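None of these values were measured; they are calculated from a predicted model.
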Amino acid sequence: MDMESIKAFFASLTLERLAPALLVLAVGLLAAKALIKLFEKLLARSKIDKTIHGFLRAAFKILLYSIVVLMILGALNVDTSSLIAILSVTSLAVSLAVQGALSNVAGGIMILTTHPFHVGDWVELGGTAGTIDAIGMSYTTLVTADQKKIFVPNSDLSASRIVNYTMAGRRRVDLTFTASYDDAVEAVKAALLKAAVLPQVHADPPPFVAVSRYGDHAIEYVLRVWTAAADYWDVYYGVTENVKICFDEAGITMTYPHLNVHMESKS
């Protein structure tokens, strides 16, 4: 559409042509507002994650108002085929320019609809472990144990392996300790089980301890206990501290790498 066509269009506008368009505008806006309110009520009642509500609301508004604009142009007898073609080309150009951002949004929608994790869950994402602090449309915020905030693009999350330690409600704490060959195996196992006696440790399944390996300087034992996901680190550090106390009480030697040197005298 050139400038002459535009001038001719505005010159041809009369009250008879504007009246239907204004009527369509008024009815269209009222209908759009009513549909938006209805859509918001449906969103509030739905099970869709609240984080995605804003995105869906904005997309629905854009769709409705675009339809109203096309109806107004139709009432003015404007050929909308060329306008739609221009909008399609423009949309394609914009999509290519913001391809990365759109990938993050698509990843965010996938996360919010499949629910691989929720805010507050302890997860491992791409080798980094931490607590989910926020789930946005473009980024998911992860807070590590040392209080670092990591912003992970949702497009990366949707394509990576996600380990959720909280979803099952409980976690197993695996600890490894060593004791001298001179200490009786049963005595060491008893001391480790005693060290695992904490209020947060689950009785079912009960704590498990066994010999896992015979090393060069010591016997290696594995201790496994179950606890609530939220109590994992309290149990981890609590049992680790108790082991030294229980070993000292039982007279068990907690070994460390060492080298024995034997010297012979020659006369």
Heavy-atom closest pair, residues Ile252 and Ala179: CG2-CB, 4.0 Å

Side-chain contact, heavy-atom cut-off 4.5 Å: Ile162 with Glu124? no

Qualifying salt bridge (Lys or Arg N to Asp or Glu O under 4.0 Å) pairs with a residue from residues 157-167, counting only residues at least two apart or across chains: none

Pairing residues for Lys148 by the salt bridge (Lys or Arg N to Asp or Glu O under 4.0 Å) criterion, not counting sequence neighbours: Asp146

Find out if a path of hydrophobic residues (ILVMFWY) with successive side-chain heavy-atom gaps under 4.5 Å connects Leu63 to Leu29. yes

Are the aromatic rings of Phe39 and Phe60 close, with centres under 6.0 Å apart? yes

With a 4.5 Å cut-off on side-chain heavy-atom distances among I, L, V, M, F, W and Y, is there a chain of contacts connecting Val27 to Val69? no

Looking at Asn164 and Pro116, what are the two nearest heavy atoms and their distance? ND2-O, 3.0 Å

Would you say Leu223 and Tyr214 are hydrophobically clustered, going by side-chain heavy atoms of ILVMFWY under 4.5 Å? yes

Side chain to side chain donor-acceptor pair (under 3.5 Å) pairs touching residues 167-176, sequence neighbours excluded, are Arg172-Asp174

Applying salt bridge (Lys or Arg N to Asp or Glu O under 4.0 Å) to Asp121 and not counting sequence neighbours gives none

Atom pairs and distances, side-chain donor-acceptor, residues 188-212, under 3.5 Å, sequence neighbours left out:
unit_1	atom_1	unit_2	atom_2	d
Lys194	NZ	Glu249	OE1	2.9
His202	NE2	Ala228	N	3.4
Ser212	OG	Glu220	O	3.2
Ser212	OG	Glu220	OE2	3.1

Does anything in residues 20-39 form a salt bridge (Lys or Arg N to Asp or Glu O under 4.0 Å)? List the pairs, not counting sequence neighbours. none

Quick one: does Ile219's side chain get under 4.5 Å of Tyr221's, heavy atoms only? yes

With a 4.5 Å cut-off on side-chain heavy atoms, are Val222 and Leu175 touching? no

Considering residues at least two apart in sequence or located in another chain, which fulfil the side-chain hydrogen bond (donor to acceptor under 3.5 Å, both in side chains) criterion with Arg224? none

All side-chain contact (heavy atoms from CB on, under 4.5 Å) counterparts of Ser180, not counting sequence neighbours: Asp182, Asp183, Thr253, Thr255

Side chain to side chain, Thr141 and Ile132, heavy atoms closer than 4.5 Å: no

Keeping to residues at least two apart or across chains, list the side chain to side chain donor-acceptor pair (under 3.5 Å) pairs with something in residues 230-244. Lys244-Asp248

With the side chain counted from C-beta on, respond yes when Thr131 and Phe117 share a heavy-atom pair under 4.5 Å apart, and no when they do not. no

Should Val119 and Ile135 count as side-chain neighbours, where that means a heavy-atom distance under 4.5 Å? yes

Starting from Leu23, can I reach Ile67 by hopping between I/L/V/M/F/W/Y residues whose side chains sit under 4.5 Å apart? no

Partners meeting salt bridge (Lys or Arg N to Asp or Glu O under 4.0 Å) with Asp216 (sequence neighbours left out): none

Min side-chain heavy-atom separation Leu142-Val123 under 4.5 Å: yes

Members besides Tyr139 in its Ile/Leu/Val/Met/Phe/Trp/Tyr cluster (side-chain heavy atoms under 4.5 Å): Phe151

Check: Trp122 main-chain N/O paired with Thr166 side-chain donor or acceptor under 3.5 Å: yes

Is Leu35 reachable from Val68 through a run of I, L, V, M, F, W or Y residues, each pair having side-chain heavy atoms under 4.5 Å apart? yes

Atom pair SG/CE of Cys246 and Met254 - distance to nearest 0.5 Å: 9.5 Å

Hits for salt bridge (Lys or Arg N to Asp or Glu O under 4.0 Å) against Glu40, two or more places apart or cross-chain, chain-then-number order -> Arg57

